[in-house]
Amino acid sequence: MSAVLIPGIERVLFTEEQIEERIRKVAAEITQNYEGKTVKLIGVLKGSIFFLTALARHIEVPVSIDFLGISSFSNKSGAQGVVRIAKDLDESIEGEEVLLVEDIIDTGFTLRYLLQTLAGRAPNSLAVCTFLDRNSRRIVQVPVDYRCFEIDDRFVVGFGLDYNQLYRNLTYVAVMKPDSRQ
Ligand code: IMP
Ligand code: MG
């Protein structure tokens, strides 16, 4: 199906078909690496829910799911990357095989905070799967075990990613027109 462009969108970066194909490949890698185990997918609200559900449907080992919500902001002195948990997990992850599922890793601040927090809860293993990776803007180094796509330094929306809480429901990933973001 061809994507219907909406105002504010410059061009489609990844189509629904390209996304589906990459997700199947990443899910197959995960299936292989967790053979004989149960994996707990932890989604970071709200951006990762579209990716997490698409990914989970193609993983062929037993899967459980939990979510956490975060808020990130700059503090009064302007320090970047201050993150806190706004909605915690429902269940313990102690002794479990945890796969943290992110929509996009940009500076790495969010992921570093989440990995530190989750590691402190004694999972048996802790790995990271991200839909998009914008490595060129990384400020703190973080481990990424699985990624669907590496992207350039352009703001993108769709497939879970938002601009002012909009566009998450697009079936494709698109680059925003620079002048439609203020
Ligand atoms: P960071 O890695 O801590 O810088 O933060 C990553 C978070 O910033 C993501 O989880 C998104 O919520 C948001 N983000 C970064 N780049 C984009 C983008 O291009 N579109 C939409 N959200 C973005
Ligand atoms: Mg996010």
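In listed order, ligands and their atoms are each counted from 1. Throughout, numbering of the chain's residues begins at 1 and tracks the sequence.
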Please work out whether any backbone atom (N, CA, C, O) or any side-chain heavy atom from C-beta onward of Thr107 is under 4.0 Å from ligand 1, and answer side chain, backbone, both or neither.
both
Do Pro178 and Glu10 have side chains that approach each other closer than 4.5 Å (heavy atoms only, starting at C-beta)?
yes
Out of all atoms in ligand 1, which are within 4.0 Å of some heavy atom of Thr110? Include the element for each.
1 (P), 3 (O), 5 (O)
Do Ser48 and Glu102 have side-chain atoms, one donor and one acceptor, less than 3.5 Å apart?
no
Say whether Arg134 and ligand 1 are in contact under the criterion: heavy-atom distance to a ligand atom below 4.0 Å.
yes
Please determine whether any non-hydrogen atom of Gly108 lies less than 4.0 Å from an atom of ligand 1.
yes
Heavy-atom contact under 4.0 Å between Asp103 and ligand 1?
yes
Under the salt bridge (Lys or Arg N to Asp or Glu O under 4.0 Å) rule, what do Arg137 and Asp152 come out as? Steps first, then yes or no, please.
CA-CA 9 Å; Arg137 277 177 41 94; Asp152 292 338; over 6 Å; no
Any side-chain heavy atom of Leu132 within less than 4.5 Å of one from Leu161?
yes
Examine ligand 1 and decide if any of its atoms is less than 4.0 Å from a heavy atom belonging to Leu111.
no
Sequence neighbours excluded, which residues qualify as side chain to side chain contact (heavy atoms under 4.5 Å, CB included) partners of Gln141?
Arg138
Qualifying salt bridge (charged side-chain N to carboxylate O under 4.0 Å, His left out) pairs with a residue from residues 25-44, counting only residues at least two apart or across chains:
Glu21-Lys25, Lys40-Glu96
Ligand-residue contact atoms, ligand 1 with Phe109, heavy atoms, under 4.0 Å
3 (O)
Those atoms of ligand 1 less than 4.0 Å from some heavy atom in Glu102
10 (O)
Can you list the ligand 1 atoms lying under 4.0 Å from a non-hydrogen atom of Ile104?
6 (C), 9 (C), 10 (O), 11 (C), 14 (N), 15 (C), 16 (N), 23 (C)
Can you tell me if Asn135 has over 12 outside heavy atoms packed within less than 6.0 Å of its CG?
yes
